[in-house]
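Owing to the predicted nature of the structure, the values given are computational and were not obtained by experimental measurement.
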Amino acid sequence: MSFLTGKATQPIITPERIDKNRYRAPLFFGAIAVAAAMFSIPMFLTGSTTTALAMIYLAVFIVSYAVSSWCLKYFLSAGRTYWSHDSHQVVMTTPTGMLSFEVGVPLLGVLAAPLAVITWLIHPLGDWIGSAALAALGALSLPYLLQVLQGVRPVRRRIIVSKSGIELTQANGHSHKIPWKEHPRLIGVRQADAVIVLKNHRETRYPIGYLPLSMRQLERLLSTFSSDGRLRTKLSGPDALNTVLAVLEPTEEERTDGSWTWSRRSR
């Protein structure tokens, strides 16, 4: 969820760096959650009860985000099992657990809004900071929840690879089809969006915060099939799934440099 760090101010980070540093996100947000929880203690002692409750709720929200970030490691380890062959195309379907986090984390943030109303009604005179903080959290979370639920019912299908191109789908069902002739190339990640450059230097973005795929795997997927006509031909035959899985297979470097990637046992 990019509102936690300010999406507009973030530089583009290379796929390799994202893969190697993914473990830092849950540690970072976990530390913030601990700090928020500890800050609530003096608030209780000084009588600022609503502010203390707000800090505890904020800590719970941040912990939920940290947990979802850490769980990505375990969902990603079973990455091969999410890919299947379906009528001349290969489909990647995200696990239900990841979809639950994608909906649940912003929902928890939005629930801060009614809590803000309750704390405002019962807050002592002058103790308004907690209510304001909860209201701000709810307001910031609402656009992300609405984005996920735009299609009313979130969908699990994420990536479709075919002979003609690749289709990237968000949880809300919005899809973007990119023909291989556009030569899509992943140049990096800006916050939680993969930045993909197309022919004539046009850009498209795809949210990857809850995508159980490493960025170097996505990079290989785009670069390989946009440049290798022989492999694209295989995507319309019986070996399509094995062809895609071979391209996505983690390298030895990815397995040994601390990156979160497919487990050998998920074969």
Undergrad: Take Leu235 and Ser162 through the side-chain contact (heavy atoms from CB on, under 4.5 Å) test and state the conclusion after the steps.
TA: CA-CA 6 Å; Leu235 293 176; Ser162 65; 5.7 Å; no
Undergrad: Does any part of the side chain of Val148, heavy atoms only, come nearer than 4.5 Å to the side chain of Asn172, both counted from C-beta?
TA: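 No, their side chains stay 4.5 Å or more apart.
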Undergrad: I want to check something: taking the side chain as every heavy atom from C-beta on, are Val60 and Leu108 in contact at a cut-off of under 4.5 Å?
TA: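 Contact flag for Val60/Leu108 side chains = yes.
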Undergrad: Rounded to the nearest 0.5 Å, what's the gap from CG on Leu149 to CD on Glu102? Could you check?
TA: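 So the gap between those two atoms works out to 10.0 Å.
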Undergrad: Would you give the length of the straight line joining atom CG of Asp19 to atom CD1 of Ile13, rounded to the nearest 0.5 angstrom?
TA: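 Rounded to the nearest 0.5 Å, the CG-CD1 separation comes out at 11.5 Å.
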Undergrad: Are Val195 and Glu203 packed together at the side-chain level, in the sense that at least one heavy-atom pair is separated by less than 4.5 angstrom?
TA: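 In short, these two side chains touch, coming nearer than 4.5 Å.
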Undergrad: Which heavy atom of Arg158 sits nearest to which heavy atom of Ala171, and what is that distance?
TA: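 Scanning both residues completely, I find the closest heavy atoms to be NH2-CB, 3.3 Å.
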Undergrad: Scan side-chain atoms only and decide if Ser259 and Arg216 contain a donor-acceptor pair under the 3.5 Å cut-off.
TA: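 Yes, Arg216 and Ser259 have a side-chain donor paired with an acceptor closer than 3.5 Å.
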Undergrad: Please name the pair of heavy atoms, one in Ser214 and one in Leu76, separated by the smallest distance, quoted to 0.1 Å.
TA: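 That would be N-CD1, 4.0 Å.
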Undergrad: Could you check if a side-chain atom of Phe75 sits within less than 4.5 angstrom of a side-chain atom of Tyr82, using non-hydrogen atoms only?
TA: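 The answer is yes; the side chains approach within 4.5 Å.
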Undergrad: Any non-hydrogen side-chain atom of Glu249 less than 4.5 Å from a side-chain atom of Trp262?
TA: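 Yes. Closest side-chain heavy atoms under 4.5 Å.
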Undergrad: Would you name the heavy atoms of Leu231 and Thr224 that are closest together and state the gap between them?
TA: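 Scanning both residues completely, I find the closest heavy atoms to be CD1-CG2, 3.5 Å.
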Undergrad: If you take all heavy atoms of Thr51 and Gly130, which pair is closest and at what distance?
TA: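 Reported closest heavy-atom pair: OG1-N, 3.4 Å.
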Undergrad: Report the relative orientation of the aromatic rings in Phe225 and Trp180; use parallel for angles under 30°, tilted for 30 to 60°, perpendicular for over 60°.
TA: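 Taking Trp180 first and then Phe225, their aromatic rings sit tilted (interplane angle of 30° to 60°).
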Undergrad: Just by distance, do the side chain of Gln217 and the backbone of Leu248 share a donor-acceptor pair under 3.5 Å?
TA: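 Yes: the side chain of Gln217 pairs with the backbone of Leu248.
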Undergrad: Taking the side chain as every heavy atom from C-beta outward, state whether Val189 and Asp193 have any pair of such atoms under 4.5 Å apart.
TA: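 They are not in contact (no side-chain heavy atoms under 4.5 Å apart), so the answer is no.
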Undergrad: Ignoring hydrogens and angles, tell me if any N or O in the side chain of Ser131 forms a donor-acceptor pair with the backbone of Trp120 under 3.5 Å.
TA: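 Yes; at least one donor-acceptor contact below 3.5 Å.
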Undergrad: Of all heavy-atom pairs between Gly188 and Pro15, which one has the smallest distance, and what is that distance?
TA: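 Nearest pair, atom of Gly188 first, then Pro15: CA-CD, 3.9 Å.
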Undergrad: Is Leu58 reachable from Phe28 through a run of I, L, V, M, F, W or Y residues, each pair having side-chain heavy atoms under 4.5 Å apart?
TA: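 Both belong to a single hydrophobic cluster.
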Undergrad: When clusters are formed by joining ILVMFWY residues with side-chain heavy atoms under 4.5 Å apart, either directly or through shared neighbours, do Leu221 and Ile160 land in the same one?
TA: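 Cluster IDs for Leu221 and Ile160 differ.
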Undergrad: In terms of hydrophobic clustering (I, L, V, M, F, W, Y; side-chain heavy atoms under 4.5 Å; direct or indirect links), are Leu198 and Ile208 co-clustered?
TA: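 The answer is yes; both residues are in one hydrophobic cluster.
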Undergrad: Return yes when atom CZ of Arg185 has more than 12 non-hydrogen atoms of other residues, nucleotides or ligands closer than 6.0 Å, and no otherwise.
TA: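 Result for CZ/Arg185: open.
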Undergrad: Looking only at the side chains, is there a donor atom on one of Ser175 and Thr169 sitting less than 3.5 Å from an acceptor on the other?
TA: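 The criterion, which ignores hydrogens and geometry beyond distance, is satisfied for Thr169 and Ser175.
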Undergrad: Hey, quick one: are Val67 and Tyr57 part of the same hydrophobic cluster, counting side-chain heavy atoms closer than 4.5 Å, chains of contacts allowed?
TA: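 Yes, one cluster joins them.
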Undergrad: Can you tell me how far apart NZ (Lys199) and CD (Glu182) are? Round to the nearest 0.5 Å.
TA: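 So the gap between those two atoms works out to 5.5 Å.
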Undergrad: Can you confirm whether Val161 sits close enough to Trp83 that some side-chain heavy atom of one is under 4.5 Å from a side-chain heavy atom of the other?
TA: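 Side chain of Val161 against side chain of Trp83, heavy atoms only: contact under 4.5 Å found.
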Undergrad: Any chance you could lay out the side-chain contact (heavy atoms from CB on, under 4.5 Å) test for Glu16 and Glu219, step after step, and finish with the verdict?
TA: CA-CA 10 Å; Glu16 181 179 9; Glu219 181 182 39; over 6 Å; no
Undergrad: On a heavy-atom basis, which atom in Ala116 and which in Leu134 lie closest, and how many Å separate them?
TA: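 For Ala116 versus Leu134, the nearest heavy atoms are CB-CB, 3.6 Å.
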Undergrad: Kindly write out the residues that satisfy salt bridge (charged side-chain N to carboxylate O under 4.0 Å, His left out) with Glu252, not counting sequence neighbours, or none if the list is empty.
TA: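 Only Arg264 meet the salt bridge (charged side-chain N to carboxylate O under 4.0 Å, His left out) criterion with Glu252.
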Undergrad: Assess whether side-chain contact (heavy atoms from CB on, under 4.5 Å) is satisfied between Glu167 and Ile178, documenting all intermediate values.
TA: CA-CA 6 Å; Glu167 182 176 340; Ile178 306 175; over 6 Å; no
Undergrad: Quick one: which of Lys20, Arg220, Arg22 gives a salt bridge (charged side-chain N to carboxylate O under 4.0 Å, His left out) with Glu254?
TA: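 Only match with Glu254 under salt bridge (charged side-chain N to carboxylate O under 4.0 Å, His left out): Arg220.
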Undergrad: Contact between Leu222 and Ile166 at the side-chain level, heavy atoms closer than 4.5 Å - yes or no?
TA: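 Heavy-atom side-chain distance check passes, below 4.5 Å.
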Undergrad: Could you measure the distance from the CG atom of Leu115 to the OG1 atom of Thr50? Nearest 0.5 Å is fine.
TA: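 With rounding to 0.5 Å, CG (Leu115) is 10.0 Å from OG1 (Thr50).
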Undergrad: Please output the side-chain donor-acceptor pairs of residues 85-101 that fall under 3.5 Å, not counting sequence neighbours, one pair per line with the distance.
TA:
residue	atom	partner	partner atom	Å
Asp86	OD2	Arg157	NH2	3.4
His88	ND1	Ser236	O	3.0
Ser100	OG	Thr96	O	3.0

Undergrad: Checking Asp228 side chain against Arg230 main chain: does a donor-acceptor pair fall under 3.5 Å?
TA: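 Judged by distance alone, yes, a pair lies under 3.5 Å.
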Undergrad: Tell me whether Met55 shares a hydrophobic cluster with Met38, the cluster being built from Ile, Leu, Val, Met, Phe, Trp, Tyr side chains joined at under 4.5 Å.
TA: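 As far as the 4.5 Å side-chain criterion goes, Met38 and Met55 are not connected within one cluster.
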Undergrad: Using modelled atom types only, decide if a donor and an acceptor are shared between the side chain of Tyr65 and the backbone of Ala25 within a distance under 3.5 Å.
TA: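 Not confirmed, Tyr65 side chain does not pair with Ala25 backbone.
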Undergrad: If I take atom CZ from residue Arg205 and atom CG from residue Leu168, how far apart are they, to the nearest 0.5 angstrom?
TA: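 One gets 14.5 Å once the value is rounded to the nearest 0.5 Å.
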Undergrad: Got a second to check how far Phe61's CZ is from Phe29's CZ, nearest 0.5 Å?
TA: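 Phe61 CZ to Phe29 CZ: 9.5 Å, rounded to 0.5 Å.
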Undergrad: Any chance you could lay out the side-chain contact (heavy atoms from CB on, under 4.5 Å) test for Tyr210 and Ser68, step after step, and finish with the verdict?
TA: CA-CA 8 Å; Tyr210 295 93; Ser68 71; 3.8 Å; yes
